[in-house]
Asks: 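Pasting a structure below so you can have a look.
Letters A, B, ... are given to chains in the order of the sequence lines, protein chains preceding strands, and every chain is numbered from 1.
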Amino acid sequence: MSELVWQHETELVTVVTVQKKQVKRGLSVIICARMRRDLGLVLLLLLSAAVESNSISPPGKPVLVGCRSPEKETFTCWWEPGSDGGLPTMHRLYYETERLEGVFECPDYLSAGRNSCFFDKNHTAIWVYYYLTVVASNALGNATSDPFKIDVVEIVKPNPPENVTLLLEGREDSSYLHVSWERPHNTDTKSGWVTIKYQLRVKQENSNEWKEYMSGTQKHFNLYSISPGVTYMVKVRCRLDHGFWSEWTNTTYVKVPNYLRNEKPFWILVSTLSTIPFIAAACVLVMKRKYVKQYVLPPVPGPKIRGVDFQLLKSGRSEDVISAFIINQNFSLTTGSKDQTEEYLIVTENENGIADPSNSQKRKKSLIIPGFCLDSEPPILNDCEKSGATNQEIDNYVKSLSNMKPSQLPAQEQQCNFVNADATGHQTSNYDNTTQTFANSSYVDIQRHMENIQEVDVKQVDYRRVKEVNGDNILILPLNSSGCIDVQRPKDNISEDYSKVKVVDSDNMVFLQKEKVSVDTSCIEKGIYYTNFALQKPINTSKVEVCTEVINSEYVDTFSAPPLI
Amino acid sequence: MAQRKINGNKLFMIVLYAVAACSAVPISDLLDRASQRSDTLHSLSTMLTQDLDSHFPPIGRIIMPRPSMCHTSSLQTPNDKEQALQVSESDLMSLARSLLQAWSDPLEVLSTSVKTLPHPAQNSISNKLKELQEHSKSLGDGLNILSGKMGPAAQTISSLPYSGGNDIGQDRISKLTNFHFLLSCFRRDSHKIDSFLKVLRCRAAKLQPEMC
């Protein structure tokens, strides 16, 4: 600006001197000096006015954007100029290195384009720091950027690989894509100065995701997972040592031809043919299903009860069943061998006659199924066995038996009890005399409340002496409150009676004659006892006239009334 | 008779030499392994400096000491590609070994003082430093074996003592600054070692041009 002012001043001075030629020399000098100063001031004012009105200014601060070396031998730096202040502005780049003393200017402003500085091989040093600054200058002033520190090895970013080619290779059913490329031409890998690693990415045309693969230092790559009829897009990039990745190459396209259709009919034929034997096997199986069933699921052998015909049982005619049971018994009235061990199963009884929860538990277990208690053979008895009885109960029974009068022995009732198998041995001696009398008897376990067998109460389970069985009907002797056949009674009421059935009224009613042998001999017709047994037919009863003859009279005894059976 | 004996001895020596040569691992393979290890070393050091810079205020770099004050800067190394390619193999090996040897002590100092470094990524930095030391040691052992096969010139090691002592700094700023400075010096030196070994590898792999 000072030059400008000086320039104008000289012009003005010359103009002034020319115009004022007539003035005396001395006066002209004085005028010149004064006018010079005034003119300078005027010009300054004018310029400042001009500056304010046209906004010209010193340049803004430039900013160094970055530097890059494509092969570790040269590098380029770029900057971003600030505002130019409305005047032509010049930018210069200066640098210092830590090795060389002094400040140097950029050797090449042109090769790399605008606002750049290119350092060629002679000016590039590796493993040294460069400190760069850019100075922007125009007529009004300078502006210096912040210092930028770089080491060439840290700014390495190569050019992208070149000449990416795609080839389809392999046979039709196992083809693959062979991708190959070349290294960027300005890198020197031969001497080992740089080591290039490649990366490629592949995408199907209609997909959105790129799949990336590392290729190491190889300049080729095989893609095996390709689908026919699809267009693939491939890009490759590289990097030197540990530098930055280059830009991706332009996309290369390849379309895989569609050849799989020829194979379809073949596979259809193969699958059809292979299903034929399966269908044939299935047909054979269906036609011969009976044999197959017999072979695969052989019939389960039925239960073997000695002397019992299973088929007979299955057919369901109970009279035959019962006769089968009975006929097979080995009852002989004469033989009373002491060796014959009678096994009786004792129902769980509490000595106190009080419902004992523990005993009731046992009773639950033991009295669930009403069944015949037969003493002929141990195996059958075992069927009747139930758990739960204790030795105490066995003792009870033993005592009860011993309490009985000898005369009653023949008429002695005998309860069909259930005991544990290991307790059966205790009773053998007691029953020798009574075996025969009662060998023929059958006992039925009656439960009063059949609806909830599991929780039957102690007192409600009774045993009744069956008078006779006729077909589906079972004659049952009633329970007397005084304890005719009361299993739960305490031991003073052990004496039990057998009652004769007086009459059977209907399907469900049986009249029994109560005879208390110990008390008196009067006949007491006792109550009706209802059972839940399905008595479908009326039973012919045999009447007994005289009660006193009870001892000698018939008792309910199935064998004594054969015609009824 | 004596002639036959000498010939027999010669034959025996030749056979022995051939056997020894055949059973030995070729140098190119050894160099390949060594350069892979130095590559790992350099990438570790780069990651370490990045970890440190992630929380390091960039303003602090301005007041850093100039890198020419690295304790290894007195070693004359090639400055560009032409110079590097003119150095002989033995000298390249010697330079690499000297640089590596010069860093065993400073790495130890860094490793012990990282525990008191006031930096959020201190754990990660400490682990990487340990890894760095291991790799450095195994690379040194490998280079010892290699230099034994390359002749006496490769075996000379220039001594570059570390004069910083055991102290990294007293206050937080100086600690971080010194740490950063040392790590950037190491990063540069590990890059030098890596470059020299890769040049050596390509020179030895004349029979396998695909390696380069």
Side-chain angles (χ1 to χ4, degrees), chain A residues 64 69-75 96-101 119-133 145-156 180 182-183 186-198 215-220 239-245, chain B residues 31-32 35-36 38-47 49-50 58-59 61-62 64-70 72-73 75-86 89 92 99 184-185 187-206 209-212:
Chain A
L64 270 163
S69 167
E71 78 287 78
K72 221 159 82 172
E73 297 168 34
T74 65
F75 72 103
E96 297 173 66
T97 70
E98 55 176 317
R99 265 181 59 243
L100 301 170
E101 289 296 323
F119 292 80
D120 61 357
K121 290 186 189 184
N122 299 329
H123 292 93
T124 307
I126 317 285
W127 301 308
V128 292
Y129 277 112
Y130 281 73
Y131 299 89
L132 308 164
T133 51
S145 68
D146 290 332
F148 197 72
K149 180 174 121 177
I150 57 141
D151 188 344
V152 174
V153 299
E154 294 171 7
I155 52 165
V156 175
S180 62
E182 288 170 21
R183 62 172 177 82
N186 53 359
T187 53
D188 177 17
T189 52
K190 222 162 170 298
S191 65
W193 185 238
V194 292
T195 313
I196 309 185
K197 289 197 182 135
Y198 300 96
S215 171
T217 54
Q218 285 180 319
K219 297 190 188 61
H220 54 86
R239 77 167 175 178
L240 305 181
D241 296 324
H242 303 100
F244 298 100
W245 285 102
Chain B
L31 277 169
D32 190 32
S35 62
Q36 280 173 15
S38 68
D39 190 280
T40 317
L41 197 69
H42 177 67
S43 62
L44 268 175
S45 70
T46 309
M47 283 197 286
T49 49
Q50 281 168 3
I59 303 169
R61 287 205 219 147
I62 307 246
M64 267 180 55
R66 285 230 161 169
S68 58
M69 290 164 61
C70 279
T72 52
S73 55
L75 190 66
Q76 288 295 321
T77 52
N79 288 313
D80 59 14
K81 181 180 132 188
E82 278 75 19
Q83 288 180 24
L85 294 181
Q86 283 163 11
E89 290 92 357
L92 280 174
L99 284 170
S184 56
C185 281
R187 185 177 168 203
R188 171 191 289 182
D189 287 341
S190 66
H191 192 273
K192 281 188 189 175
I193 295 167
D194 189 40
S195 297
F196 296 158
L197 287 176
K198 282 180 176 159
V199 169
L200 275 175
R201 175 176 73 168
C202 273
R203 283 207 205 159
K206 290 197 182 72
E210 69 271 6
M211 208 184 279
C212 291

Asks: Using non-hydrogen atoms and a limit below 4.5 Å, what part of residues 38-47 of chain B faces chain A?
Replies: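 Listed by number: B:Asp39, B:His42, B:Ser43.
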Asks: What's the spacing between B:His191 NE2 and A:His242 NE2 if we round to 0.5 Å?
Replies: 7.5 Å
Asks: Provide the closest heavy-atom pair for B:Cys202 versus A:Lys190 in the form atom of the first, atom of the second, distance.
Replies: CB-O, 3.9 Å
Asks: Please identify, among B:Leu85, B:Thr77, B:Asp189, B:Leu200, the residue contributing the most non-hydrogen atom pairs under 4.5 Å to chain A.
Replies: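 Between B:Leu85, B:Thr77, B:Asp189, B:Leu200, the count favours B:Leu85.
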Asks: Looking only at non-hydrogen atoms, find the nearest pair between B:Asp80 and A:Ile126 and report the distance.
Replies: CA-CG1, 3.7 Å
Asks: Does A:Glu73 have any side-chain contact (heavy atoms from CB on, under 4.5 Å) partners at least two apart in sequence or in another chain, and if so, which?
Replies: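 Applying side-chain contact (heavy atoms from CB on, under 4.5 Å) to A:Glu73 gives A:Glu71, A:Lys121, A:Asp188, A:Trp193, B:Lys81.
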Asks: Given the options B:Lys198, B:Lys192, B:Arg203, which has more heavy-atom pairs under 4.5 Å with chain A than any of the others?
Replies: B:Lys192
Asks: What part of B:Glu82 gets closer than 4.5 Å to chain A, counting heavy atoms only: side chain, backbone, both or neither?
Replies: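 Answer is side chain: those atoms of B:Glu82 sit under 4.5 Å from chain A.
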Asks: Indicate the atoms forming the closest heavy-atom contact of B:Ser195 with A:Trp127, along with that distance.
Replies: OG-CZ2, 3.6 Å
Asks: Heavy-atom pairs under 4.5 Å with chain B are the metric here; pick the option from A:Thr124, A:Thr189, A:Ile196 that has the most.
Replies: A:Thr189
Asks: Check each atom of A:Lys219 against the heavy atoms of chain B and say whether the ones under 4.5 Å are side chain, backbone, both or neither.
Replies: neither
Asks: Roughly how far, to the nearest 0.5 Å, is the CZ atom of B:Arg201 from the OG1 atom of A:Thr195?
Replies: 5.5 Å
